[in-house]
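Report on the structure given below.
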Amino acid sequence: MDTRLEAVRSIVLDRNPGEGEFHQAVDEVFASLVAVLDKHPEFAEASILERICEPERQIIFRVPWVDDTGKVQINRGFRVEFNSALGPFKGGLRFHPSVYQGIIKFLGFEQIFKNALTGMPIGGGKGGADFDPRGRSEGEIMRFCQSFMTELYRHLGEYTDVPAGDIGVGGREIGFLFGQYKRITNRYESGVLTGKGTSWGGSLVRPEATGYGTVLFTQEMLRTRKQTFDGQRVAVSGSGNVALHAIVKAQELGAKVVTASDSSGFVVDEAGIDVDLLSQIKEVERGRIGEYAERRQETAKFVDGGSVWDVDATVALPCATQNELLEEDAVKLVKSGVTAVAEGANMPCTSKAADVFHDAGVLFGPGKAANAGGVATSALEMQQNASRDSWTFEYTEERLTDIMVGIHDRCATTADEYGQPGNYVAGANISGFVRVADAMLAQGVI
Ligand code: GLU
């Protein structure tokens with residue numbers, strides 16, 4: 001590694017021990033930056049790299065709540081306000097038992113560059129808690145969200161920090177969080193959270209945006225090789241908000257999506273995933289994916305454990321969680337003839353898996369670019385809130401499409417400019433980084 005990068009990398013490792021996912025996210029960005037430092041010596045002179053790796057503010061707090069049996073439960077809450085050079089801190093909240101500082105920092109770090117890449121005025125942040133929503137009643141979820149917000153509210157604001165959802169945080173949780181924020185502050189401050197319900201300040205298309213955006217980005221990548229989604233055999237992992245909407249959009253464009261998964265295993269449906277059934281089971285009944293196969297016995301089978309990437313596909317869209325697609329999975333997918341992979345989740349492919357795709361000439365859209373449609377539509381929600389307006393579905397989807405095409409073009413042009421044509425990872429990292437670094441330089445040492 002370049003000595004300028006290596007020096008900062010060792011500071012980051014020393015300062016953040018035990019935070020493997022954060023180190024991985026930093027390494028992935030740094031791997032693209034040598035040419036940037038050569039072209040912009042002013043970035044190293046102003047210690048931009050070291051500054052960008054150190055969050056502006058990190059908040060860790062106790063979240064006490066009472067469960068349905070009357071027992072007091074304690075969770076740990078986080079908000080990492082990573083970078084506000086381009087706008088208020090912006091990024092989701094994740095409620096999942098795996099959450100700790102290293103996960104929130106990796107997500108916050110990615111969010112800085114992803115948000116920059118959208119071209120919109122939003123900084124980067126992320127938060128969450130090690131709370132496991134699975135099996136919890138509605139009342140328990142509400143009390144948890146209220147307790148979480150009772151501490152976090154003092155750090156938020158439409159001009160300061162604007163959370164949204166992520167794994168374990170959907171429309172229901174945003175509702176409870178918003179209600180508590182409103183109650184504590186005595187302000188109907190719509191722009192303080194995004195992902196709200198459409199009757200109380202939410203934006204149409206926000207629920208669909210991440211999954212739709214991933215497919216739209218993939219469509220743009222395919223277009224560069226004169227291909228389309230029509231007739232593609234698509235493997236999707238996950239069955240949450242991102243996966244469901246990626247499946248809908250890919251099928252709308254003529255693809256057959258044959259898989260979906262959750263932590264219990266995956267389903268293969270050779271007739272194409274029935275998204276209404278899947279969403280009924282996952283979103284309404286909050287059940288496990290095996291039930292899908294039980295109700296579609298003619299065409300679908302459930303595989304207990306194993307890897308969804310064992311299934312042959314021409315397009316793969318990992319939409320579950322970080323590090324879910326390993327080097328050996330990438331090798332299998334390449335053998336099965338995959339031509340395009342796009343990350344609907346954040347960092348679902350390990351660095352080695354991404355290298356396999358790169359070396360095999362597979363189109364590879366990193367999450368910073370391919371899943372940016374969600375946060376970009378959050379920024380559209382903020383625009384609507386600021387103007388006390390609400391846009392139609394068609395207009396909002398048009399804006400999302402323009403944004404995804406813009407992100408694709410920005411990545412492609414930047415990759416060309418830096419001598420790495422077709423490398424969307426380099427394009428996304430460099431383009432996002434330069435936008436943030438320029439703004440940090442202009443704003444002085446803060
Ligand atoms: N959690 C989403 C992401 O990873 C969305 C964040 C937002 O809308 O603020 O980008």
Side-chain angles (χ1 to χ4, degrees), residues 21 25 78-84 86-96 99 103-129 152 156-158 160-171 173-174 177-178 190-197 201-214 217 238 240-246 318-322 342-348 365-385 396 399-400 403-404 407 428 432:
E21 296 83 358
F78 301 88
R79 186 75 183 164
V80 174
E81 297 183 334
F82 226 121
N83 194 295
S84 63
L86 299 178
F89 304 108
K90 182 81 197 89
L93 297 170
R94 177 177 291 192
F95 292 168
H96 191 271
V99 163
I103 295 253
I104 299 300
K105 257 195 224 158
F106 118 64
L107 290 164
F109 190 70
E110 293 264 306
Q111 201 84 43
I112 303 171
F113 308 104
K114 182 198 307 193
N115 294 4
L117 201 52
T118 65
M120 319 204 55
I122 41 179
K126 202 85 186 191
L152 190 61
L156 306 183
E158 62 178 319
T160 311
D161 186 351
V162 182
D166 196 82
I167 293 172
V169 179
E173 291 74 19
I174 293 294
L177 292 162
F178 184 72
S190 301
V192 73
L193 286 169
T194 60
K196 300 180 294 296
S203 174
L204 290 168
V205 192
R206 179 63 191 88
E208 294 84 358
T210 313
Y212 277 23
T214 301
F217 187 87
N241 169 274
V242 180
L244 286 170
H245 293 104
C319 297
T321 194
Q322 68 273 355
E343 297 186 318
N346 289 312
M347 209 168 72
K368 283 182 205 85
N371 72 39
V375 75
T377 308
S378 278
L380 299 180
E381 183 171 331
M382 291 163 75
Q383 281 186 29
Q384 291 168 77
N385 294 152
T396 317
R399 293 284 306 262
L400 169 64
I403 290 167
M404 294 316 295
I407 292 172

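Start at 1 and go down the list; that is how both ligands and their atoms are numbered. Source: prediction; values computed, not measured.
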Would a 4.5 Å heavy-atom cut-off, applied to side chains only, mark [X] and [Y] as touching?
| X | Y | answer |
| --- | --- | --- |
| R94 | F78 | no |
| N346 | F106 | yes |
| I122 | M382 | yes |
| Q322 | E110 | no |
| T377 | E381 | no |
| E158 | N385 | no |
| M120 | V375 | no |

If the cut-off is 4.0 Å to any non-hydrogen atom of [X], which atoms of ligand 1 fall inside it?
| X | value |
| --- | --- |
| N346 | 4 (O) |
| Q111 | 3 (C), 4 (O), 6 (C), 10 (O) |
| R206 | 5 (C), 7 (C), 8 (O) |
| S378 | 7 (C), 8 (O), 9 (O) |
| A164 | 7 (C), 8 (O), 9 (O) |

Purely on distance, is any nitrogen or oxygen of P163 under 3.5 Å from one on ligand 1?
-> no

Could you tell me whether D166 and ligand 1 have an N or O pair separated by under 3.5 Å?
->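 N/O-N/O distance below 3.5 Å exists for this pair.
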
Taking N115 for its side chain and K90 for its backbone only, find out whether a donor-acceptor pair lies under 3.5 Å.
->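 Side chain of N115 to backbone of K90: a pair is present.
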
Just by modelled atom types, is the G124 backbone N or O under 3.5 Å from a matching donor or acceptor in the Q111 side chain?
->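 No; judged by distance alone, with no hydrogens or angles, the pair does not exist.
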
Decide whether the shortest distance between a heavy atom of E110 and an atom of ligand 1 is less than 4.0 Å.
->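 Not so, E110 does not reach ligand 1.
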
Is G165 in contact with ligand 1, taking contact as a heavy-atom separation below 4.0 Å?
-> yes

Distance to 0.1 Å, residue and atom name: give those for the protein heavy atom nearest to atom 9 (O) of ligand 1.
-> K90 NZ, 2.7 Å

If you have a sec, work out which protein heavy atom is nearest atom 6 (C) of ligand 1 and how many Å separate them, to one decimal?
->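 Going atom by atom, the protein heavy atom closest to atom 6 (C) of ligand 1 ends up being G92 N, 3.5 Å.
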
Proximity of M382 to ligand 1 by residue part, where a heavy atom lies under 4.0 Å | neither

For atom 3 (C) of ligand 1, the option (of K368, K114, R94) bearing the nearest heavy atom | K114

